[in-house]
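Every heavy atom of this structure was used, including side-chain atoms; hydrogens, water molecules and symmetry mates were not.
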Amino acid sequence: MNLSWMKWVVILLVVFGGGWLVTSGGTNYMYNRATSGTPGVDANKDKLNEATLTHVGGFMLSTFRYTQAKRFYEAAVQRFPAGENRYWNRYQLARVHEELDEITESVTLLVSLWDDDANNVDHRVPNRDTLKLRIQ
């Protein structure tokens, strides 16, 4: 039996499903799903939820949707302060604040990252010299 037609069904589902996820309905769905439940109950679910907030926030930032990115990164920082991506999320949130002309909030986050020497824990975060330049 020839099932080659199935690949087109799968491709269409992926395209339309992916398209839906970039709409406000899709991002709201992702946000609600990643922030449902109580953190600390299930470590695997926490890890998945933090990763979801991080990745979707990054997508929002890279597509210039700063208010949505702020929503995702703030949730990640507040819900998972000791999470795997904690320093990266704080750095990305500082970038979002900077883009939204919320300079005081951005500088506060950058100073905390500089104080924690975040680059030693998460190499995605710039080193202390670069953070110092951004703070200035």
Side-chain angles (χ1 to χ4, degrees):
M1 177 156 72
N2 184 0
L3 295 177
S4 63
W5 64 272
M6 286 293 288
K7 72 179 176 186
W8 293 109
V9 172
V10 171
I11 290 170
L12 288 173
L13 286 173
V14 168
V15 168
F16 287 117
W20 176 76
L21 286 175
V22 299
T23 66
S24 61
T27 56
N28 286 336
Y29 172 79
M30 295 297 285
Y31 180 84
N32 291 334
R33 185 173 176 124
T35 57
S36 67
T38 306
V41 174
D42 181 357
N44 290 330
K45 185 175 181 184
D46 287 351
K47 187 174 182 176
L48 177 63
N49 288 340
E50 184 200 19
T52 298
L53 292 168
T54 300
H55 291 299
V56 176
F59 177 75
M60 294 296 146
L61 181 59
S62 67
T63 56
F64 311 106
R65 294 189 268 180
Y66 302 120
T67 304
Q68 286 284 13
K70 180 180 174 182
R71 179 179 175 211
F72 279 87
Y73 282 124
E74 282 181 339
V77 168
Q78 291 170 3
R79 292 179 65 82
F80 308 105
E84 190 174 300
N85 298 306
R86 65 187 174 273
Y87 293 115
W88 179 247
N89 288 332
R90 285 171 38 204
Y91 176 70
Q92 293 291 76
L93 183 56
R95 289 183 56 206
V96 168
H97 283 305
E98 188 177 333
E99 292 293 339
L100 294 172
D101 285 330
E102 299 168 348
I103 303 304
T104 303
E105 293 86 349
S106 179
V107 169
T108 300
L109 285 166
L110 292 171
V111 167
S112 74
L113 291 167
W114 188 87
D115 288 342
D116 292 344
D117 199 6
N119 179 262
N120 281 336
V121 178
D122 189 339
H123 295 290
R124 296 174 293 179
V125 177
N127 62 34
R128 292 182 95 188
D129 293 335
T130 304
L131 289 174
K132 187 175 182 178
L133 289 173
R134 290 193 72 139
I135 291 167
Q136 293 172 346

Residues in side-chain contact (heavy atoms from CB on, under 4.5 Å) contact with Leu133, at least two apart in sequence or another chain:
Gln136
Joint cluster assignment, Leu131 & Ile103, ILVMFWY side-chain distance < 4.5 Å
yes
For Asp117, all residues meeting side-chain contact (heavy atoms from CB on, under 4.5 Å), sequence neighbours excluded:
Asn120, Arg128
Restricting to salt bridge (charged side-chain N to carboxylate O under 4.0 Å, His left out), what partner residues turn up for Arg124, sequence neighbours left out?
Asp122
Under a 3.5 Å threshold, yes or no: a donor from one side chain and an acceptor from the other, between Asn127 and Thr130?
yes
Do the side chains of Val77 and Leu109 join up, straight or via other hydrophobic residues, at under 4.5 Å, putting them in one cluster?
yes
What are the two closest non-hydrogen atoms of Asn119 and Pro126, and how far apart are they?
CB-O, 3.6 Å
Hits for salt bridge (charged side-chain N to carboxylate O under 4.0 Å, His left out) against Arg95, two or more places apart or cross-chain, chain-then-number order -> none
Closest non-hydrogen atom pair, Ala94 against Ser106:
O-OG, 2.9 Å
If two hydrophobic side chains count as joined below 4.5 Å and joins carry through other members, does Tyr73 share a cluster with Leu100?
yes
Set of residues satisfying salt bridge (charged side-chain N to carboxylate O under 4.0 Å, His left out) with respect to Asp116, sequence neighbours excluded:
Arg90
May I have the list of side-chain donor-acceptor pairs in residues 61-70 shorter than 3.5 Å, sequence neighbours left out?
| from | atom 1 | to | atom 2 | distance (Å) |
| --- | --- | --- | --- | --- |
| Ser62 | OG | Gly58 | O | 3.3 |
| Ser62 | OG | Phe59 | O | 3.0 |
| Thr63 | OG1 | Phe59 | O | 2.9 |
| Thr63 | OG1 | Met60 | O | 3.3 |
| Thr63 | OG1 | Arg65 | NE | 3.2 |
| Arg65 | NH1 | Val22 | O | 2.8 |
| Gln68 | OE1 | Arg71 | NH1 | 3.4 |
| Lys70 | NZ | Glu102 | OE1 | 3.2 |
| Lys70 | NZ | Glu102 | OE2 | 3.2 |

Distance-only, no hydrogens or angles: does the Arg86 side chain make a donor-acceptor pair with backbone N or O of Gly83 under 3.5 Å?
yes
Does Tyr29 share a hydrophobic cluster with Val56, counting links as ILVMFWY side-chain heavy atoms below 4.5 Å and allowing steps through other members?
yes
Partner residues of Thr54 under the side chain to side chain donor-acceptor pair (under 3.5 Å) criterion, sequence neighbours left out:
Asn89
For residues 31-52, which residue pairs qualify under ring pair (Phe, Tyr, Trp, His ring centres under 6.0 Å), counting only residues two or more places apart or in two chains?
Tyr31-Phe72
Going by the salt bridge (Lys or Arg N to Asp or Glu O under 4.0 Å) test, which pairs reach into residues 47-59, not counting sequence neighbours?
Lys47-Glu84
Could you name each residue pair satisfying ring pair (Phe, Tyr, Trp, His ring centres under 6.0 Å) that touches residues 76-118, not counting sequence neighbours?
Trp88-Tyr91
Treating Asn49 as the side-chain partner and Thr35 as the backbone partner, does any N or O pair qualify as donor plus acceptor under 3.5 Å?
no
Output for pair (Arg79 CZ, Thr38 OG1), nearest 0.5 Å, gives 7.5 Å
